[in-house]
Amino acid sequence: MYVVLAHVLLLGGVCSSLNAYEAYTINRAMRPGINLGNALEAPQEGEWGVTLDESYFKLVASKGFRSVRVPIRWSAHALATDPYTIDPAFFERVEWVIEQAFLNGLMVIINFHHYEEMYASPDDELPRFLGLWKQVADRFQHHSNNRLLFEIFNEPHDAFTPEKWNQVIPQALAVIRESNPRRTVLVGTAEWGGIRHLDKLVLPADDNLILTIHYYEPFQFTHQGAEWSGPQAQEWLGTRFEGTEEEVQLIRSHMDQIVAFASRTGIPVNIGEFGSYKVADAESRAKWTSTVARIFESYGFSWHYWEFASSFGIYDPETGFFNQPLLEALIPGSLAPVP
């Protein structure tokens, strides 16, 4: 499927520059990937139960992952007023994360995550957002374009509507391009990053972009019992995933929507988040994870599982063991025990 899609794009003249080829090459190189979630995007690292450790990068690499996505709440570590200075100690912490990934042969995506002020008031907050991105882009401009990627913003929603998001994307990208003209940049969708409003996304004229989509369907399965998903999530408890033909066809129909957009725009695709909450039964979690990961791969998409060591995670830092069925679902053949 991927080879066919890429060939169509090339014949159509969409991928017309070296940058476009570069984005496709980098996207392929990232797979498989995983999110180091619930750490740097918490209000303070550790508040959500995860503090990044040097051993995590070794473990991730040892199991065959080739990249990590690092969600980051920059807005919690910067001045609220001009010049919006980011805390130097926090910059050093992110630098450490990037270096640990590189030392273990991993590519890295860094993003802007849980920027609550932008959700509530994007117009008022825009100068600060752009000021923060300028600092981030300047700080990391010397890292390899083949190993470090930027993601502009995670899951715009609420007042940060699709229309507002379309206005912000080219402004943020312009700031990034001042210091990082060749860096590959990921762009997601509004309304929580899924496919629902993919047709409303307007991409700027930049041929070194990757589309990133979050996939948690069926939501009643992946988020059953999740406290942040409202009282209805308790009613979803016990929802199973059997991998029936009907279930698989629904997933493929969603992927076909993404392929249609990618074909029209000439952009490679990353599934930046997918996963199931820990209360779902283990068999269904493994089956769903394996099913969607293989489907993503059949379409040529890169992917990053949500996440490493928390409530969706594949690793228990208290016991030092992986959830072996989930790990095998993601990377078949990776069932070596970890002491």
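Note that the structure is predicted; figures quoted are calculated from it, not measured.
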Measure the shortest side-chain to side-chain distance between [X] and [Y] over non-hydrogen atoms and say whether it is less than 4.5 angstrom.
X    : Y    : value
V292 : I251 : yes
F150 : N180 : yes
S75  : E116 : no
V68  : N35  : no
L211 : I258 : yes
P162 : E191 : yes
P32  : R66  : yes
F90  : L40  : yes

Of all heavy-atom pairs between [X] and [Y], which one has the smallest distance, and what is that distance?
X    : Y    : value
D82  : Y84  : N-CE2, 3.3 Å
R73  : W48  : NH2-CH2, 3.3 Å
I210 : A23  : CD1-O, 3.9 Å
L198 : F261 : O-CE1, 3.6 Å
L130 : V175 : O-CG1, 3.9 Å
T51  : Y56  : O-CE1, 3.6 Å

Any donor and acceptor pair, going by atom type alone, linking the side chain of [X] with main-chain N or O of [Y] inside 3.5 Å?
X    : Y    : answer
D123 : K164 : no
R252 : I295 : no
R177 : R183 : yes
S284 : F241 : yes
E307 : G313 : yes
E273 : I271 : no
R240 : E283 : no
S290 : A286 : no
D53  : S55  : yes
Q224 : F221 : yes

Check this for me: does any side-chain nitrogen of one of R139 and E92 sit under 4.0 Å from a carboxylate oxygen of the other? yes
Charged N to carboxylate O under 4.0 angstrom, R182 versus E22? yes
Taking everything shown except [X] itself, do over 12 heavy atoms lie less than 6.0 Å from its [atom1]?
X    : atom1 : value
Q171 : CD    : yes
E318 : CD    : no
E245 : CD    : no

Which label fits F140 and H143: parallel for a plane angle under 30°, tilted from 30 to 60°, or perpendicular past 60°? parallel
Should the pair F129 and F153 be assigned to parallel (<30°), tilted (30 to 60°) or perpendicular (>60°) ring geometry? perpendicular
Please tell me whether [X] and [Y] are part of a single hydrophobic cluster in this structure, the criterion being side-chain heavy atoms less than 4.5 Å apart.
X    : Y    : result
Y115 : I176 : yes
F91  : W96  : yes
V187 : W192 : no
F308 : M107 : no
V136 : L149 : no

Got a second to check how far [X]'s [atom1] is from [Y]'s [atom2], nearest 0.5 Å?
X    : Y    : atom1 : atom2 : result
F219 : S229 : CZ    : OG    : 4.0 Å
T189 : K200 : OG1   : NZ    : 11.5 Å
N208 : I26  : CG    : CD1   : 6.0 Å
Y277 : H223 : OH    : NE2   : 9.5 Å
H142 : L148 : NE2   : CG    : 12.5 Å
T265 : L203 : OG1   : CG    : 5.5 Å

Do H113 and N154 have a side chain donor and acceptor closer than 3.5 Å? yes
Between the side chains of H254 and E217, does any donor sit under 3.5 Å from an acceptor? no
W303 and its ring pair (Phe, Tyr, Trp, His ring centres under 6.0 Å) partner, picked from F274, F296, Y215: F274
With side chain to side chain contact (heavy atoms under 4.5 Å, CB included) as the criterion, how do T291 and R294 come out once you've worked through the C-alpha distance, each side chain's angles and the decisive distance to 0.1 Å? CA-CA 5 Å; T291 298; R294 301 295 84 77; over 6 Å; no
Applying side chain to side chain contact (heavy atoms under 4.5 Å, CB included), run through L186 and N111 and close with a yes or a no. CA-CA 9 Å; L186 288 87; N111 79 351; over 6 Å; no
Assess the residue pair I109 and M30 against the criterion (side chain to side chain contact (heavy atoms under 4.5 Å, CB included)); give the C-alpha distance rounded to whole Å, side-chain angles, the decisive distance to 0.1 Å, and a yes or no. CA-CA 10 Å; I109 300 168; M30 286 197 296; 3.7 Å; yes
Would F322 and L59 count as a side chain to side chain contact (heavy atoms under 4.5 Å, CB included) here? Give the steps. CA-CA 10 Å; F322 280 88; L59 289 169; 4.1 Å; yes
Near-ring test W165/F160, centroid separation under 6.0 angstrom: yes
